[in-house]
Amino acid sequence: MERNYAIDYMKFFAILAVIVIHTSPFEQTTIFGVDGYNLDFAIDTFSRFSVPFFFISSGYLFARKLMLGNTKSVYFSRYTSKLIKIFACWFAFYWLYDLLVKILFESFNIQSKSEILSYINESINLEVFVYGASSGYQLWYLAALVWSILILFIFMNLNRLNLLLFISLLLNGIGLFGQSYSGLISLPFTTRDALFFGLFYTTLGAFVARHHGTVQRTLGKMSPKVLVITAAISSTLVLVERCITVFIWEGEIGDYFVFTLPVTLSLFLLTIIRPEMGKHSFFTKIGQESVGIYVIHVFFIKVIQLVVDITGNNGVYETVVWHIIFTPVVFILSYITYSMLQKTKGKLVWVFHSLFTSLIGTARKNYNCK
């Protein structure tokens with residue numbers, strides 16, 4: 001299978017958008033007389049194509065590899081095992097990070113059995129495996145992707161991809177009422193998960209993969225500008241949709257919307273008809289590391305905000321300069337650090353394992369002494 005450089009190129013913008021969502025630029029300030037909340041609301045809304053794009057591209061690449069290979073079960077096992085390992089490793093990382101912060105800055109007593117058990121019960125439960133709930137809040141995507149890929153694999157083996165696309169579209173529509181449309185009908189459960197969110201876009205990517213030749217022949221002669229304009233218009237409609245559902249219907253500030261579909265699909269189809277786009281771009285190189293940037297960027301957000309808080313410089317949050325530089329600083333640190341971690345992966349695992357073993361050993365020793 002020939003490499004699609006355009007997907008990695010687009011992933012650069014998608015991962016940047018994810019970081020923008022989490023750093024909330026201009027939220028607590030005023031710029032050029034505009035309330036920062038409204039500016040952040042607009043920026044956040046335009047950035048919401050990012051996670052659906054990751055889902056649809058993952059479904060596409062997974063299905064393409066599955067259709068080209070003879071050992072489907074082997075590839076499925078390797079793919080999901082890799083995702084699970086990434087999730088488990090970074091869940092443990094954020095779990096330990098939060099524990100250390102509690103010990104150093106929140107008077108957490110590691111010698112107290114009740115406090116340790118309380119922390120474990122609060123942070124490690126069934127929701128972790130279903131919704132990806134953890135101190136590293138962005139990890140929900142990995143959990144959702146694993147479940148989505150599992151369901152997709154089953155339906156592809158049964159040759160029922162069309163049926164799954166219909167079911168997942170229906171579930172995605174229902175899921176809207178757990179999002180901004182909760183002002184009309186409020187669901188008593190979360191819909192930012194595999195079943196209501198990730199499954200549809202992952203399946204849609206697989207559907208495009210199955211009809212790859214037809215898509216290229218049908219859209220191959222189309223000007224890329226058509227898809228870009230469609231994505232731009234759809235993004236504007238997402239903003240209008242979100243304003244109506246949040247400010248008029250008083251729904252929650254959700255993660256996906258009706259017009260998320262045309263935005264995501266237009267951008268993704270652009271990568272299909274122009275696979276060479278961004279081939280020699282530095283953005284493409286960064287996009288190849290999007291998963292690594294995704295899992296580590298929250299750490300830098302937390303660390304930077306922690307330093308600001310403990311040094312008593314909270315006023316910086318209200319400055320325009322902070323909101324201009326915070327996002328790119330997090331992005332650059334995340335990319336550089338993850339690239340370095342890839343080169344020292346073996347040593348890092350050893351240090352991480354030693355730290356974890358030490359903490360567990362200390363806890364057990366204190367329990368035995370009581």
Pair Tyr201 + Phe207: ring centers closer than 6.0 Å = no

ask   = Do the side chains of Ile272 and Leu219 get nearer than 4.5 Å, heavy atoms only?
value = no

message = I'd like to know if the side chain of Thr236 reaches the main chain of Ala232, judged simply by a donor and an acceptor atom lying under 3.5 Å from each other, with no hydrogens or angles considered.
response = yes

key: Test item: Leu269 and Val215 side chains (from C-beta on) under 4.5 Å apart, heavy atoms   = yes

request  = Measure the spacing between CD1 of Ile84 and CG of Leu145 and express it to the nearest 0.5 Å.
outcome  = 10.5 Å

query = Just wondering, do Met156 and Arg210 contact through their side chains at under 4.5 Å, heavy atoms?
reply = yes

Greater than 12 external heavy atoms within 6.0 Å of Gln305's CD = yes

request  = Ignoring hydrogens and angles, state whether a donor on the side chain of Tyr335 or His297 is under 3.5 Å from an acceptor on the partner side chain.
outcome  = no

message = Test your reading of the model: is there a side-chain donor-acceptor pair from Gln179 to the backbone of Phe257, 3.5 Å cut-off?
response = no

task = Might you work through the side chain to side chain contact (heavy atoms under 4.5 Å, CB included) test for Thr260 and Phe49, ending with a clear yes or no?
result = CA-CA 6 Å; Thr260 299; Phe49 77 92; 5.9 Å; no

task = Assess whether side chain to side chain contact (heavy atoms under 4.5 Å, CB included) is satisfied between Ile324 and Thr319, documenting all intermediate values.
result = CA-CA 9 Å; Ile324 291 175; Thr319 65; over 6 Å; no

query = Are Val146 and Leu204 co-members of a hydrophobic cluster defined by side-chain heavy atoms under 4.5 Å apart?
reply = yes

query = Between Phe62 and Tyr75, does the ring centroid distance fall short of 6.0 Å?
reply = yes

key: Qualifying residue, where the test is ring-ring contact (aromatic ring centres under 6.0 Å, His included) with Tyr9 and the options are Phe12, Tyr5, Phe13   = Phe13

Gap separating the CD atom of Glu241 from the CG atom of Leu239, nearest 0.5 angstrom = 10.0 Å

Heavy-atom side-chain contact between Tyr294 and Glu289 under 4.5 Å = no

query = Taking the side chain as C-beta and beyond, is there a heavy-atom pair between Phe300 and Phe331 under 4.5 Å?
reply = no

ask   = Would Ile174 and Ile185 show up in the same hydrophobic cluster when neighbours are defined by side-chain heavy atoms closer than 4.5 Å?
value = yes

task = For residues Phe55 and Phe197, establish whether the separation of their ring centroids is below 6.0 Å.
result = yes

ask   = Of all residues at least two apart in sequence or in a different chain, which pass the side-chain hydrogen bond (donor to acceptor under 3.5 Å, both in side chains) check with Tyr37?
value = none

Donor-acceptor pair, side chain of Asp8 and main chain of Thr284, under 3.5 angstrom = no

message = With a 3.5 Å distance limit and no angle check, can you tell me whether Ser290 reaches the backbone of Gly287 through a side-chain donor-acceptor pair?
response = yes

message = Go through it in stages, so that I can follow the logic: the residues are Tyr131 and Trp140, the test is side chain to side chain contact (heavy atoms under 4.5 Å, CB included), and I'd like the CA-CA distance, side-chain angles, deciding distance and then a yes or no.
response = CA-CA 6 Å; Tyr131 300 113; Trp140 75 268; 5.9 Å; no

ask   = Are any side-chain N or O atoms of Thr191 and backbone N or O atoms of Gly175, one a donor and one an acceptor, separated by less than 3.5 Å?
value = yes

key: Glu318 side chain to Gln28 backbone, donor-acceptor under 3.5 Å   = no

request  = Please assess Leu39 against Ile43 for the test side chain to side chain contact (heavy atoms under 4.5 Å, CB included), listing each intermediate value before the final yes or no.
outcome  = CA-CA 6 Å; Leu39 185 57; Ile43 295 173; 4.1 Å; yes

ask   = Using 4.0 Å as the upper bound for N to carboxylate O, is an ion pair formed by Asp44 and Arg242?
value = yes

task = Run through the side-chain heavy atoms of Ile, Leu, Val, Met, Phe, Trp and Tyr, join any pair under 4.5 Å, and report what else lands in Val74's cluster.
result = none

Leu333 side chain near Ile296 side chain, heavy-atom distance below 4.5 Å = no

task = Kindly check if the number of other-residue, nucleotide or ligand heavy atoms within 6.0 Å of CZ (Phe247) is above 12?
result = yes

task = Would you confirm whether Asn313, through its side chain, and Val316, through its main-chain N or O, come within 3.5 Å as a donor-acceptor pair?
result = no

query = Under 6.0 Å from the NZ atom of Lys302, do we count more than 12 heavy atoms belonging to anything else shown?
reply = yes

From Leu270 atom CG to Met222 atom CE, the distance as rounded to the nearest 0.5 Å = 10.5 Å

message = Under 3.5 Å, is there a donor on one side chain and an acceptor on the other for Tyr317 and Asp309?
response = yes

Linked, directly or transitively: Phe200 and Ile167 (ILVMFWY side chains, under 4.5 Å) = yes

task = Give, for atom CH2 of Trp322 and atom CD1 of Ile325, the distance between the pair rounded to the nearest 0.5 Å.
result = 7.0 Å

request  = Would you give the length of the straight line joining atom CG of Leu164 to atom OG1 of Thr203, rounded to the nearest 0.5 angstrom?
outcome  = 3.5 Å

Donor-acceptor pair, side chain of Ser182 and main chain of Glu252, under 3.5 angstrom = yes

query = Are Phe54 and Val291 side-chain neighbours, meaning at least one heavy-atom pair lies under 4.5 Å?
reply = no

inquiry  = So does Ala17 get a backbone contact from the side chain of Ser50, meaning a donor-acceptor N/O pair under 3.5 Å?
reply    = no

task = Mind telling me whether Tyr97 and Phe93 have parallel, tilted or perpendicular rings, with 30° and 60° as the class edges?
result = parallel

ask   = Is any side-chain heavy atom of Ser57 closer than 4.5 Å to a side-chain heavy atom of Lys11?
value = yes

query = Does Phe46 share a hydrophobic cluster with Phe26, counting links as ILVMFWY side-chain heavy atoms below 4.5 Å and allowing steps through other members?
reply = no

query = Hey, do the aromatic rings of Phe299 and Tyr94 have their centres closer than 6.0 Å?
reply = no

task = Spell out, yes or no, whether Phe177 and Val246 are grouped together once hydrophobic residues are joined by side-chain heavy atoms under 4.5 Å, including indirect joins.
result = no

Rounded distance (nearest 0.5 Å) linking atom CG of Asp40 with atom CD1 of Ile31 = 12.0 Å

task = Answer yes or no: is there a donor N or O on one side and an acceptor on the other, between the side chain of Ser148 and the main chain of Leu199, under 3.5 Å?
result = yes

